[in-house]
Amino acid sequence: MNLLVTGGAGFIGTNFVKYVMSHRPNWSVTVLDKLTYAGRRENLSDYEGSERYRFIKGDICDPVAVQGAMEGCSAVVNFAAETHVDRSIDDPASFVRTDVEGVRVLLEEFKKDDSRSVFLQISTDEVYGSVQNGRSSEEDTLDPRSPYSASKAGGELLAMSYFSTFGVPVVITRASNNYGPHQYPEKLVPLFITNAFEGEKLPLYGDGGNMRDWLFVTDHCSALVAAIEKGRPGRIYNIGDGQEMTNKEVTFAILEATGTDPSLVRFIEDRLGHDRRYAVDISRAREELNWKPDTDFQTGIALTVDWYRDNPQWWQSIKSGEFREYYKKMYSTRLENSERIQ
Ligand code: NAD
Ligand code: TYD
C-alpha cells in the first residue's frame, strides 16, 4: 500500500502517519500538506530520509501539486482541512475552499486511475448537528450548523457523489472530538492544558454544559487503518468512544491532571450557534471494521498532559507567534467580562 496522506502535518494526520509507520511496515506514505498555521513538518522529522516516507509542501486545491503527489499512490486519506469552528465563524471562505473545493480536486485526480483501492474522506460527527437525544447513526439526516461542519458535509457529499456517479471507491469516516499529542493549542483540550501550565485563565464557553464524545487520537488512527483495510466502498462509518462529557467535566479532569487551582476557570460569552451535544452510534464500525476504542478518558488525558509537559518547545513556539493575535482577538474582551466558577 502506497498512501497519499493529505494534511499529514496536522494533529490527526501526524498521529496517523506515526501509527502507519510503526504498525504497517509494508506501507509507504506520501504527505501532501500546505503547512497552514496548523501544520508542522517537523512533527514527522523522524521519518525524513526514510524510503517509506516523502513530504511534499502543496495545496489540495492545486491540481498540479495534487497530480504530482498522487502519482504512484494506491490510496488517499484526506485529512487536509480548515478545522476550527471558531475560525470558521470568523472567515468561512477558506473553509469552503479547502474542505469542499479541495476534495473535488483530489477526487478528479483520483478517478484518472481505476486501479486505486480507496479514497478515505475524513469527516466529522459535527455534520449531524446538535443531537438532543440518543446517538447519531450513519443514516441520519445531516444538519450541519457551523460554516466548518457545513463545509465538511459539502466535502463528504461531493465525495459520495463520485462513488455514485463514477464508481470511485470512496469510504467516509465521521469521528467525534479527538484529543492527544500534537493538537494545535487553539482547541479546548490543548488550550486548557497549556494555559494551566502557564497559569493563564481557562475560558469556558457559556455554561460549560456542552457535551462531546471524546476519542483518543490513537484509537481514531486504528479505526482509519481498519477502514482502509475493511471499509466497503460507498459506506460511511461513525468513529467515537461513548466517553460523553460536558466541557466542565473535561476542564476539571485537566485541572486535576495538571494540579491546577479551579480559580483559573472563567465562564465567558458563548460561541455563536454553539452545538449543545454530539454523540455517535459506533455499532457499524464495531461490526464491519472489527474495531473498538481502547483508551479510557482518564488514561488518554494523562498521556496527553504528559506529552505537553514533555514538549514545551512544541507548543510554546506556537503560542508566541500568530497565535497571540488570534488569542487576543477571540478572548480578551470576553475574558474581561467573564465570571469565576462558583
Ligand atoms: P489540523 O487543523 O490539526 O490539521 C489540518 C492539516 O491540514 C494541517 O497540517 C494543515 O496545514 C493542512 N491543510 C489545511 N489546508 C490545506 C490545504 N488546502 N492543502 C493541504 N493541506 C492543508 O486538523 P486535525 O484536527 O488534524 O483534523 C484532520 C481532519 O480530521 C480534518 O479533516 C477534520 O475535519 C477531521 N476531524 C477532526 C476532528 C478533531 O477532533 N480534531 C474530529 C473529527 C474529524
Ligand atoms: P473545540 O476543541 O473547538 O472543538 P469543536 O468545536 O469542534 O467541538 O471545542 C470543544 C468544546 O469546547 C466546544 O463545546 C467548545 C468548547 N470550548 C470552550 O468552552 N472554550 C474554548 O476556549 C474552546 C476553544 C472551546
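These numbers were taken from a predicted model, which means no experiment stands behind them.
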Non-hydrogen side-chain atoms of Q298 and E256 separated by less than 4.5 Å: no
Q313, CD: over 12 other non-hydrogen atoms inside 6.0 angstrom: yes
Centroid separation F55 to Y47 less than 6.0 Å: no
Ring pair (Phe, Tyr, Trp, His ring centres under 6.0 Å) pairs, two or more places apart, involving residues 72-119: F16-F79, F110-F119
Pairwise side-chain contact, Y53 with V31, heavy-atom cut-off 4.5 Å (strictly under): yes
Y278 versus E126, side-chain donor and acceptor atoms under 3.5 Å: yes
Donor-acceptor pair between Y331 and R266 side chains, under 3.5 angstrom: no
Partner of F297 by ring pair (Phe, Tyr, Trp, His ring centres under 6.0 Å), out of Y179, F252, F216: Y179
Verdict with supporting geometry, I89 and R271, side-chain contact (heavy atoms from CB on, under 4.5 Å): CA-CA 9 Å; I89 293 166; R271 169 187 282 172; 3.7 Å; yes
Check: R334 and P203 side chains under 4.5 Å, non-hydrogen atoms: no
Smallest separation among heavy atoms of P293 and I282, with atom names: CD-CD1, 4.1 Å
Pair D62-V105, side-chain contact (heavy atoms from CB on, under 4.5 Å): steps then yes or no: CA-CA 7 Å; D62 172 0; V105 173; over 6 Å; no
Side chain proximity check, V280 to I239, heavy atoms < 4.5 angstrom: no
Plane angle bin for F323 and Y327 - parallel if under 30°, tilted between 30 and 60°, otherwise perpendicular: parallel
Selection residues 123-146 - residue pairs positive for ring pair (Phe, Tyr, Trp, His ring centres under 6.0 Å), sequence neighbours left out: none
NZ/NE/NH1/NH2 to OD/OE distance under 4.0 Å, E82 and K34: no
Over all atoms of both residues, closest heavy-atom pair of P190 and Y308: CB-OH, 3.4 Å
Side chains of Q183 and W307 in contact at under 4.5 Å (non-hydrogen atoms): no
Non-hydrogen side-chain atoms of D275 and R212 separated by less than 4.5 Å: yes
Residues R232 and E138 bridged, charged N to O under 4.0 Å: no
Enclosure of K201 NZ (heavy-atom neighbours >12, cutoff 6.0 Å): no
Selection residues 235-244 - residue pairs positive for salt bridge (charged side-chain N to carboxylate O under 4.0 Å, His left out), sequence neighbours left out: R135-E244, R235-E288, E244-R277
Members sharing M211's hydrophobic cluster (side chains within less than 4.5 Å): none
Gap between atom CG of D86 and atom NZ of K187 - 0.5 Å precision: 9.5 Å
Atom NZ of K111 with >12 non-hydrogen neighbours under 6.0 angstrom: yes
Non-neighbouring partners of N2 that pass side chain to side chain contact (heavy atoms under 4.5 Å, CB included), sequence neighbours left out: S28, T30, C73, S74
Heavy-atom side-chain proximity of W291 to Y237 below 4.5 angstrom: no
D90 and Y326 side chains, donor-acceptor separation under 3.5 Å: no
Parallel, tilted or perpendicular, as decided by the 30° and 60° cut-offs, for the rings of H23 and Y19: parallel
Enclosure of D310 CG (heavy-atom neighbours >12, cutoff 6.0 Å): yes
S176 versus D125, side-chain donor and acceptor atoms under 3.5 Å: no
Between D281 and S137: side-chain donor-acceptor atoms closer than 3.5 Å: no
More than 12 heavy atoms from other groups under 6.0 Å of CD on E71: no
Step-by-step side-chain contact (heavy atoms from CB on, under 4.5 Å) determination, I301 to V189: CA-CA 9 Å; I301 203 71; V189 168; 3.9 Å; yes
Straight-line distance of E198 CD to K319 NZ, nearest 0.5 Å: 4.0 Å
Minimum-distance pair of heavy atoms, taken over all atoms of A81 and D99: CA-OD1, 3.3 Å
Beyond-backbone contact of N78 with I122, side-chain heavy atoms, under 4.5 angstrom: no
Residues which pass side chain to side chain donor-acceptor pair (under 3.5 Å) with E109, listed by chain and number, not counting sequence neighbours: K112
From CZ (F267) to CG (N337), nearest 0.5 Å: 15.5 Å
side-chain contact (heavy atoms from CB on, under 4.5 Å) evaluation trace for I228 with L3: CA-CA 10 Å; I228 291 168; L3 293 182; 4.3 Å; yes
Smallest separation among heavy atoms of A159 and V170, with atom names: O-CG2, 3.3 Å
Polar contact flag, side-chain donor to acceptor under 3.5 angstrom, T14-N43: yes
Contact list for residues 24-33, test salt bridge (charged side-chain N to carboxylate O under 4.0 Å, His left out), sequence neighbours left out: R24-E229
Salt bridge present between D143 and R145 (N-O < 4.0 angstrom): no
Aromatic plane relationship, H182 with W314 - under 30° parallel, 30 to 60° tilted, over 60° perpendicular: perpendicular
Spacing of NZ belonging to K248 relative to CG belonging to D207, to within rounding of 0.5 Å: 7.5 Å
For T260, all residues meeting side chain to side chain contact (heavy atoms under 4.5 Å, CB included), sequence neighbours excluded: A196, L255, T258, L264
Counterpart residues, side chain to side chain contact (heavy atoms under 4.5 Å, CB included), relative to M160 (two or more places apart): F163, I172, I236
Nearest-0.5 Å distance that lies between atom CG in L106 and atom CD1 in I60: 5.0 Å
Salt bridge (charged side-chain N to carboxylate O under 4.0 Å, His left out): pairs with one or both residues in residues 148-163, sequence neighbours excluded: E156-R174
Side chain to side chain contact (heavy atoms under 4.5 Å, CB included) partners for S161, two or more places apart: L158
All pairs passing salt bridge (charged side-chain N to carboxylate O under 4.0 Å, His left out) where residues 3-23 contributes a residue, at least two apart: none
E51 atom CD, neighbour heavy-atom count above 12 within 6.0 Å: no
Atom pair CG/OG1 of D219 and T295 - distance to nearest 0.5 Å: 3.5 Å
